Every structure is written in structure tokens, then in C-alpha cells.
Amino acid sequence: MSQYGGLGGLGGLGGLGGLGGLGGLGGLGGLGASGAYSGAVTLGLQTTAEGLSHLVGTDPAAAAEPMDFASPANLSRWSGWVRGSLYLTEYAKGLDWSANAAAETVKIRMDGAAMVTLARPADTILAKQAAIVRDYADLRADRTVEITSQLGFPTEYFSMILGLHNAQHAKTLELLAATQVAAAHTAMIAKYALSVRRPDQVDGRILPMIATPGHGSFPSAHATEAYAAMTVLSHVVEGWASMSDQTTRLALLRGLAERIAVNRTVAGVHFPVDSWAGATLGTAVGRAVLRRCGQQVETPSYSYAAVHGDFTDHAFLNDAQANGLTTGPEYAVTQSPIFSWIWDEAMKERQGPGAGA
């Protein structure tokens, strides 16, 4: 995932995307924050205030109309980075996990129920996977720009497919950023617990084309983020119900999620099984975010135990069980009024023929 080294907010957890903070959330890192005035403006404001104060009296100020208490109605008044903090808190307040040392599994729970269980891949599988990673190196020359520009959150790539623009879709982009942050946060839990070595630490012939990130390989956080983003944005597109080529765009979103995941194998920093685990976790995170938004989507639990092979979205959709992915019972996720607010705001930005101005 993003290199965890340049985040304007969250105290330097770098990237959680590269968009000036938490991937565009105004940014848990700067965008939308007031910032500081220059020294000249500060002094000018001071002398102006002193020069104007004699024009008004000294009577006590009239009481201001109070804002609603602890209400989503106030969210539009706050800077994006403030809302970003709230999104992460609202998502994570039901997030929990436990590790089973004997089985070498981590179980991630949402609102008290199992969401995803991931098993640590065997060393023998990783050794076989390394050969696939080496083969993918042939694509590096063609994908160098993609790979390096996707070190943070690849928001621009999703924007390209859906025609998103900050002037017209600021809240949709904010929802996308919140989703990517939630996915990154969840992936780090699994990475910590499972502690899987990176490909170049398994096979010295891999020679990554970018810096190996300073955290575990499994699951891929890029795959987690991409599949969470794709899951949420696909539902956004369906909610807009105004794109005449909706089917085309939904297919492109899935293709992009796969490509972002595979690019990390091309770069030499992830095994294909990392993408399997990340796509599994990201799909679950995306659906949990949608439930937080009040959307009635299915939320099946998942379990993934690595099976040697390559990762493709076609296999993820059509041959999951043969590749180690099983589906379990559904679980409930509590709706959040804060997430419901950003969802409603995104729905006002619907795109396509017949949409509002």
C-alpha cells in the first residue's frame, strides 16, 4: 500500500494515500484546512481591527443561534479533515480482531461478528509464488508510470472511469477517500498479525522496481483499498441510476481494481495470494462501509486460505472456492448517521444524461 511516509495528517503515516493526507479527505492532511495567514496579512488584520473598533459600541453581543447538538446537520460546516476523523472513528468503532497462534489465522470482526478470517500462507506456497512474481517482471517497462503513480491512493484512476471532478463530485470523492482509509486501516491489522515476508525477502532474484514497504506482504493493502473502492463506487453508480453506459463503467471499475492489485506483483512487492487476500478483505470492507451508509447490501463473511496460483478478477468472481476463498454467514453492520450524510451528499452529485446541474 502507500508507502506510509508522507501523510499530512494521522501523524506521518505516510500516504494512507498520496493526496495531501488521507487520500483526498480534505485531507486529514491539509486540503480544506484554514492554514496560517502570512505575517503581513496577520499584521494588517490587527491594525484594521484596531482602526475600526471605535465605530461600534461596547454592549454585550447578542446571543447567537445555537447549532444542533451532535448532529449530522453540522457536517457541511466542518473542514474535510475533521469529517475524515469522524469517518474513520465511525467505521472503526465496531472493528475488532483476534489472532489464533496455533492455526496462524487472524479473524477480523465488525460489530461483534466475524467479517473476514485470513490464514497465513505456508512457506512452501510463498516459494512457488515467487516464480510467478519473477515472471511478472516482464511487464515492468510498460507499467512503470502506473506503478509509481499508484504508490498512494489511486483516486485519479477511479475518477477517470467515472468522470469524477472535484468541482462536481467533491462529496463522492470524499466518500471514496473515507473508504480507502478504512480499507488501509483494516489491512494493517491483518498484516501485523500474519507477518508474512515480502517477495524479495523470500527470493533474492525478484529485485523489486520500487522500495519494499516496511510492513508485511499479506494481505495486499493496495488490493484491499482497490476492491473496497470498487465495491463502494459500483454501488454509487447504481444509486445514481443516470449513466446510460452504467454496465460499461462497472466492468471498467472491476478491471481497474484487478489491475491495481496486479501492478504490485509486477513491481515485485506482492505475491498473487496477497491480492487474493486483499480483494477478499477489500470487498468485505466496502460492504461494511455501505452498511454504515445505510445501504442494504449483502454482507457475507469470508475465509481465505492461500492456494498456489495467480490472481485474476475472473477467478475471484467465478472460481473462488478452488482458490481458497469460502463464503460464510451474513452479519449485521450498524448504520452511522455520519456515513449516511456523506452517502446522501454523494447521491446529489449523480452523473450522466438527465442528471441535475
Side-chain angles (χ1 to χ4, degrees), residues 88 90-122 178-196 216 218-235 238 254 257-258 261 272-307 309 311 313-336 339:
L88 181 56
E90 287 290 284
Y91 167 79
K93 68 182 181 182
L95 188 65
D96 190 18
W97 65 279
S98 61
N100 184 324
E104 293 194 328
T105 60
V106 61
K107 179 176 292 184
I108 298 176
R109 293 181 292 271
M110 178 59 70
D111 291 351
M115 181 169 73
V116 175
T117 301
L118 299 175
R120 190 182 196 183
T179 300
Q180 292 177 120
V181 172
H185 185 81
T186 310
M188 289 305 118
I189 294 171
K191 283 177 178 285
Y192 162 73
L194 297 171
S195 300
V196 175
F218 183 94
S220 164
H222 268 75
T224 305
E225 295 155 13
Y227 271 77
M230 178 271 294
T231 299
V232 170
L233 288 177
S234 294
H235 203 69
E238 293 169 356
R254 293 208 70 93
E258 176 195 65
V273 294
D274 299 343
S275 293
W276 271 99
T280 301
L281 185 58
T283 300
V285 169
R287 289 175 174 173
V289 167
L290 288 169
R291 280 292 190 97
R292 284 278 192 258
C293 291
Q295 301 305 297
Q296 296 306 306
V297 297
E298 295 181 351
T299 50
S301 55
Y302 296 111
S303 295
Y304 175 69
V307 173
F311 172 79
D313 187 64
H314 182 270
F316 183 71
L317 285 176
N318 300 290
D319 203 18
Q321 190 166 355
N323 285 279
L325 175 59
T326 57
T327 301
E330 288 211 20
Y331 57 95
V333 179
T334 305
Q335 181 177 353
S336 159
F339 268 99

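Keep in mind it's a predicted model, so treat the numbers as computed, not measured. Only this structure's heavy atoms are used, side chains among them; waters, hydrogens and symmetry mates stay out.
In this structure, the side-chain hydrogen bond (donor to acceptor under 3.5 Å, both in side chains) partners of Asp313, at least two apart in sequence or on a different chain, are Tyr227, Arg254. In terms of the side chain to side chain contact (heavy atoms under 4.5 Å, CB included) criterion, residue partners of Ser195 (sequence neighbours excluded) are, by chain and number, Arg120. By the salt bridge (charged side-chain N to carboxylate O under 4.0 Å, His left out) test, Asp319 pairs with no residue at all, sequence neighbours left out. Residues passing the side chain to side chain contact (heavy atoms under 4.5 Å, CB included) test with Gln335, sequence neighbours excluded: Ser340. Annotation: side-chain hydrogen bond (donor to acceptor under 3.5 Å, both in side chains) contacts of Thr231 (sequence neighbours excluded): none. Judged as a ring pair (Phe, Tyr, Trp, His ring centres under 6.0 Å), and not counting sequence neighbours, Phe218 has no contacts. For Gln321, the side chain to side chain contact (heavy atoms under 4.5 Å, CB included) test picks out Thr326, with sequence neighbours left out. Residues forming a side chain to side chain contact (heavy atoms under 4.5 Å, CB included) with Ala119 (at least two apart in sequence, or on another chain): Thr105, Ala305. Partners of Tyr331 under the side-chain hydrogen bond (donor to acceptor under 3.5 Å, both in side chains) rule, at least two apart in sequence or in another chain, do not exist in this structure. Listed by chain and number, the residues in a side-chain hydrogen bond (donor to acceptor under 3.5 Å, both in side chains) with Thr327 amount to none (sequence neighbours excluded).
Expressed to the nearest 0.5 Å, how far NZ of Lys93 lies from OG1 of Thr334 amounts to 7.5 Å. Between atom NE2 of residue His235 and atom SG of residue Cys293 there is a gap of 8.5 Å, rounded to the nearest 0.5 Å. Taking CG from Leu88 and CD from Glu90, the interatomic distance works out to 10.5 Å, rounded to the nearest 0.5 Å. Separation of atoms CD1 (Ile189) and CH2 (Trp97) is listed at 7.5 Å; rounding is to 0.5 Å.
Lys107 contributes no side-chain N or O that, together with a main-chain N or O of Ala114, makes up a donor-acceptor pair within less than 3.5 Å. Formation of a donor-acceptor pair under 3.5 Å by the Ser301 side chain with backbone atoms of Glu330 is not found in this model.
Side chains of Leu95 and Met110 form a contact here, defined as non-hydrogen atoms less than 4.5 Å apart. Taking the side chain as every heavy atom from C-beta outward, Val273 and Phe311 never approach each other to under 4.5 Å. The side-chain heavy atoms of Leu194 and Leu118, taken from C-beta on, include a pair separated by under 4.5 Å. Thr186 has its side chain out of reach of Thr224: every pair of non-hydrogen atoms, C-beta onward, lies at least 4.5 Å apart.
Contact record, Glu225 with Gln180: CG-O, 3.8 Å, taken as the closest heavy-atom pair. Considering every non-hydrogen atom in both Gly216 and Lys191, the closest pair reads O-NZ, 2.6 Å. Smallest separation of non-hydrogen atoms from Ala315 and Asn323: CB-ND2, 4.2 Å. Across Met230 and Ala257, no two heavy atoms sit closer than the pair CB-CB, 4.0 Å.
Checking Thr179 against Tyr91 by side-chain atom types alone, no donor-acceptor pair falls below 3.5 Å. A donor-acceptor pair shorter than 3.5 Å can be found between the side chains of Arg109 and Ser98.
Pairs of residues two or more places apart, or lying in two chains, that qualify as salt bridge (charged side-chain N to carboxylate O under 4.0 Å, His left out) and include a residue from residues 292-302 are Asp111-Arg292.
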Give the table of side-chain donor-acceptor pairs shorter than 3.5 Å for residues 277-290, with sequence neighbours excluded, one pair per line with atom names and distance.
{"unit_1": "Thr280", "atom_1": "OG1", "unit_2": "Trp276", "atom_2": "O", "d": "2.8"}
{"unit_1": "Thr283", "atom_1": "OG1", "unit_2": "Ala279", "atom_2": "O", "d": "2.7"}
{"unit_1": "Arg287", "atom_1": "NH1", "unit_2": "Tyr302", "atom_2": "OH", "d": "2.5"}

